J.: 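Can you keep this structure in mind? I'll have questions shortly.
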Amino acid sequence: MTKAVVIDGKAIASSVLQQVKTASVDLVTAKDITPGLAVVIVGNDPASHAYVAAKSKMAKECGFASSQFTLTEGTTQSELAELIENLNDDPKVHGILVQLPLPPHLDSEMIIQSILPQKDVDGLNISNAGKLAVGDLRTGILPCTPAGAMVLISEIHGLDLSGLRAVVVGRSNLFGKPMGQLLLAANATVTMAHSRTKDLRSICCEADIVIAAVGRPEMIKGDWLKQGATVIDVGINRVQAPELGDGRTRLVGDVSFNEAKNVVGAVTPVPGGVGPMTIAMLMANTLTAAYRAAGLSFKLVHAK
Ligand code: GUN
């Protein structure tokens, strides 16, 4: 039985954040510019509030000027559009993040596309998504979670994935599509699987790298995975945990961690895998945006 490496997302995120903090101080010293991040949340979803609180807190820890806009569930499209317009016009704001999902009466796509591409630290604007689609990984902004997942993969395989087969399970604009493009840019042979894919198990079984982002608790079992594979679990699912006591819950991923760790070579835990990387990459993107606004450039140094 192999003993899988448990990829420590917290530790890797912390090394990214260290670089961000140092570069943030450098920007203040050199240009008297403090990176500014505006985080917008609409409505009452408790999980979204928890994510946004973590993002705002981390921005402060990185030395950024962080502002949070907490809007009520009943906010109208034009009120939200006006806020984005004001943030677009504010030179102190280098990054704008609108937490998704928005309440169903709001048109998220219209809001995302109204963010200036150079302030779109989520990398979801058509301009940024288009640059990634044509293989320009330099001048746009990459979506945080896929970029973070790539850092974790590079810890195991380095930056060149030539000869490796990767399967992405999930095809969202927020994660699956950009993840597939980043893997392709790193020379992996990529399969995009999704809810309509037939025989997902046999596709996963052939993969050297499995990336799961389906939002279904522990759907991917140990016997779906190849010996020695690398597994990146993007799922964050809250499930009942009666073993912890009455009414208690816990977080699990889209992969059965306990089964996977006896089969694969490396696996990310949930929590403590991809999650911390998303926040770290958001900080790196905000810093990149602030550096570019100052006519400078910032580049993360990869561990490998
Ligand atoms: N909701 C879940 N993940 C994300 C993310 O990476 N960015 C935004 N804006 N909303 C999210």
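All values reported here derive from a predicted model rather than from experimental measurement. In listed order, ligands and their atoms are each counted from 1.
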J.: Between Asn125 (side chain only) and Ile115 (backbone N and O only), is there a donor and an acceptor less than 3.5 Å apart?
T.: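 Yes.
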J.: Quick check on contacts: which atoms of ligand 1 are under 4.0 angstrom from a heavy atom of Val98?
T.: 8 (C), 9 (N)
J.: Between Asp233 and Asp254 (side chain of the first, backbone of the second, donor and acceptor by atom type, cut-off under 3.5 Å), is there such a pair?
T.: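 At least one qualifying donor-acceptor pair exists.
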J.: For atom 10 (N) of ligand 1, which protein heavy atom lies nearest, and how many Å away is it?
T.: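 Sorting protein heavy atoms by distance from atom 10 (N) of ligand 1 puts Leu100 N, 2.9 Å first.
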J.: Need the ligand 1 atom indices (1-based, order shown) with element for anything under 4.0 Å from a heavy-atom of Asp122.
T.: 5 (C), 6 (O), 7 (N), 8 (C), 9 (N)
J.: With nothing but distance in play, are any N or O atoms of Thr278 less than 3.5 Å from an N or O of ligand 1?
T.: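 No.
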J.: Mind checking the CD1-CG spacing from Ile84 to Asp89? Nearest 0.5 Å is all I need.
T.: 11.5 Å
J.: Checking a contact table here: which protein heavy atom is nearest atom 11 (C) of ligand 1, and how many Å away?
T.: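 Checked against all protein heavy atoms, atom 11 (C) of ligand 1 sits closest to Gln99 NE2, 3.4 Å.
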J.: Does the Glu73 side chain pair with the main chain of Pro103, one donor and one acceptor, at a distance under 3.5 Å?
T.: no
J.: Checking the side chain of Arg216 only, and the main-chain atoms of Gly235 only, is there a donor and an acceptor separated by less than 3.5 Å?
T.: no
J.: Return the closest protein heavy atom for atom 4 (C) of ligand 1 as residue, atom name and distance.
T.: Leu174 CD2, 3.7 Å
